[in-house]
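Right, one structure below, let's go through it.
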Amino acid sequence: MTHIALFGTSADPPSVAHREILRWLCDRYDWVAVWASDNPMKSQQTPLDHRTAMLKLMVEELRKPHPDLEGSCCDNIAFHAELSCSRTLFSVEKARDIWQNAQLTLVVGSDLLTQLPRWYRVTDLLQQVQLLVIPRPGSPVELEKLEELKALGGTVTVANMNAPDVSSTFYRKTQNSQAIPPSVEAYIQREQLYV
């Protein structure tokens with residue numbers, strides 16, 4: 001059976017943490033499907049077309065060999081704009097139509113554990129996917145939150161990885177270029193975003 005990681009994110013902007021999570025997923029799944037979407041629980045987001053363009057650039061960057069990182073080329077990852085939807089359930093249903101016999105794993109950051117039970121039709125969502133929680137600095141994985149998701153019918157696993165201690169929020173507050181991939185930084189400068 002094909003194992004597919006589903007990685008939808010608001011990516012405002014995509015950070016080096018997003019990039020490292022995607023590299024980690026590429027090493028563990030047959031295919032990694034990536035898309036940008038609006039998060040109905042967040043306000044003041046950069047327009048989706050910009051976030052989509054930046055995330056696509058980062059995925060393209062991951063698909064190319066990196067001169068400083070041996071074996072760093074991720075050839076099992078692609079950007080899937082058709083999966084973009086503000087309701088994750090609809091993204092998963094679209095993925096199920098594309099990969100009908102695959103094992104689908106939805107990847108979420110630990111910072112989303114408190115809002116996940118309030119997601120649209122979360123019980124239906126958790127019946128269609130396994131859930132992989134990526135620990136994020138500042139958002140500890142609380143056992144009671146995992147148990148709450150399991151009680152809703154979910155199969156939940158916590159990833160054995162530590163994402164870099166940077167985030168999209170950190171970049172928006174500091175404009176620190178170390179927090180984002182070079183291709184994303186170039187796009188931000190060209191489009192004059194986050195000024």
Side-chain angles (χ1 to χ4, degrees), residues 5-26 32-64 66 68-69 72 74 77-88 90-91 106-120 122 131-142 145 158-159 161-195:
L6 302 175
F7 190 87
T9 175
S10 51
D12 193 11
S15 70
V16 294
H18 289 108
R19 183 182 63 194
E20 295 314 306
I21 291 166
L22 290 173
R23 271 201 185 108
W24 187 89
L25 293 169
C26 285
V32 180
V34 182
W35 68 94
S37 62
D38 288 324
N39 181 338
M41 295 184 181
K42 289 183 179 179
S43 60
Q44 306 284 321
Q45 296 176 87
T46 302
L48 182 59
D49 60 335
H50 285 304
R51 290 181 286 119
T52 294
M54 290 185 283
L55 196 55
K56 274 176 95 168
L57 285 169
M58 190 174 72
V59 169
E60 289 167 10
E61 202 173 82
L62 282 167
R63 291 184 59 85
K64 296 176 185 169
H66 192 283
D68 300 330
L69 298 171
S72 66
C74 296
I77 186 172
F79 190 85
H80 289 271
E82 70 276 15
L83 298 179
S84 180
C85 186
S86 62
R87 302 291 188 201
T88 303
F90 299 148
S91 297
L106 180 65
V107 181
V108 298
S110 58
D111 56 317
L112 296 180
L113 285 179
T114 54
Q115 70 172 236
L116 249 166
R118 298 191 318 266
W119 280 16
Y120 177 77
V122 68
L131 197 64
L132 178 67
V133 178
I134 305 289
R136 300 253 335 248
S139 297
V141 177
E142 297 175 23
K145 297 293 180 192
V158 178
M161 80 159 298
N162 294 312
D165 191 4
V166 293
S167 66
S168 301
T169 304
F170 172 78
Y171 175 79
R172 290 193 309 271
K173 287 180 179 176
T174 66
Q175 307 288 304
N176 183 332
S177 63
Q178 299 298 308
I180 56 175
S183 60
V184 172
E185 182 181 19
Y187 183 92
I188 288 170
Q189 290 177 352
R190 186 170 66 249
E191 299 295 326
Q192 298 185 325
L193 303 176
Y194 309 107
V195 290

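- Rounded to the nearest 0.5 Å, atoms OG (Ser177) and CD (Gln189) are 8.0 Å apart.
- Across all their heavy atoms, Ala159 and Leu132 have their closest contact at N-CD1, 3.7 Å.
- Nearest heavy atoms, Val166 versus Ala17: O-CB, 3.6 Å.
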Test His50 against Tyr187 for side-chain contact (heavy atoms from CB on, under 4.5 Å), laying out the working first.
CA-CA 9 Å; His50 285 304; Tyr187 183 92; 2.7 Å; yes

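- Under the ring pair (Phe, Tyr, Trp, His ring centres under 6.0 Å) criterion, Tyr171 pairs with Tyr194, not counting sequence neighbours.
- The heavy-atom pair separating Lys42 from Ser10 by the smallest distance is NZ-OG, 3.0 Å.
- Checking each of Ile21, Ile77, Leu62 against Cys26 for a side-chain contact (heavy atoms from CB on, under 4.5 Å) leaves exactly one that passes, namely Ile77.
- Annotation: the span from Trp35 atom CH2 to Thr9 atom OG1 amounts to 10.0 Å, rounded to 0.5 Å.
- Remark: Met58 CE to His18 NE2 distance equals 6.5 Å, nearest 0.5 Å.
- The CZ atom of Arg87 lies 11.0 Å from the OG atom of Ser37; values are rounded to the nearest 0.5 Å.
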Step by step, work out the side-chain contact (heavy atoms from CB on, under 4.5 Å) result for Leu116 and Leu113.
CA-CA 5 Å; Leu116 249 166; Leu113 285 179; 4.3 Å; yes

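- Looking at Ser168, its side chain does come within 3.5 Å of a backbone N or O of Pro13 through a donor-acceptor pair.
- Closest non-hydrogen pair, Leu55 versus Ala36, comes out as CD2-N, 3.7 Å.
- With sequence neighbours excluded, no residue satisfies ring pair (Phe, Tyr, Trp, His ring centres under 6.0 Å) with Phe170.
- For the atom pair OG1 (Thr88) and CG (Leu6), the distance works out to 10.0 Å, reported to the nearest 0.5 Å.
- Counting heavy atoms from C-beta on, the side chains of Ser167 and Ser15 never come closer than 4.5 Å.
- Summarising the geometry of Pro137 relative to Asp165, their closest heavy-atom pair is CB-OD1, 3.2 Å, with the distance given to 0.1 Å.
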Before you tell me yes or no, could you show the steps for Trp24 and Glu20 under side chain to side chain donor-acceptor pair (under 3.5 Å), namely the whole-Å CA-CA distance, both residues' side-chain angles and the distance that decides it to 0.1 Å?
CA-CA 6 Å; Trp24 187 89; Glu20 295 314 306; over 6 Å; no

Full working for side-chain contact (heavy atoms from CB on, under 4.5 Å) between Trp119 and Val108
CA-CA 13 Å; Trp119 280 16; Val108 298; 4.1 Å; yes

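- For the side chain to side chain donor-acceptor pair (under 3.5 Å) test, no residue two or more places apart in sequence or in another chain qualifies with Glu60.
- Nearest heavy-atom pair, Ser139 versus Asp111, reported as atom, atom and distance to 0.1 Å: OG-CB, 3.4 Å.
- At least one side-chain heavy atom of Pro181 sits under 4.5 Å from a side-chain heavy atom of Val16.
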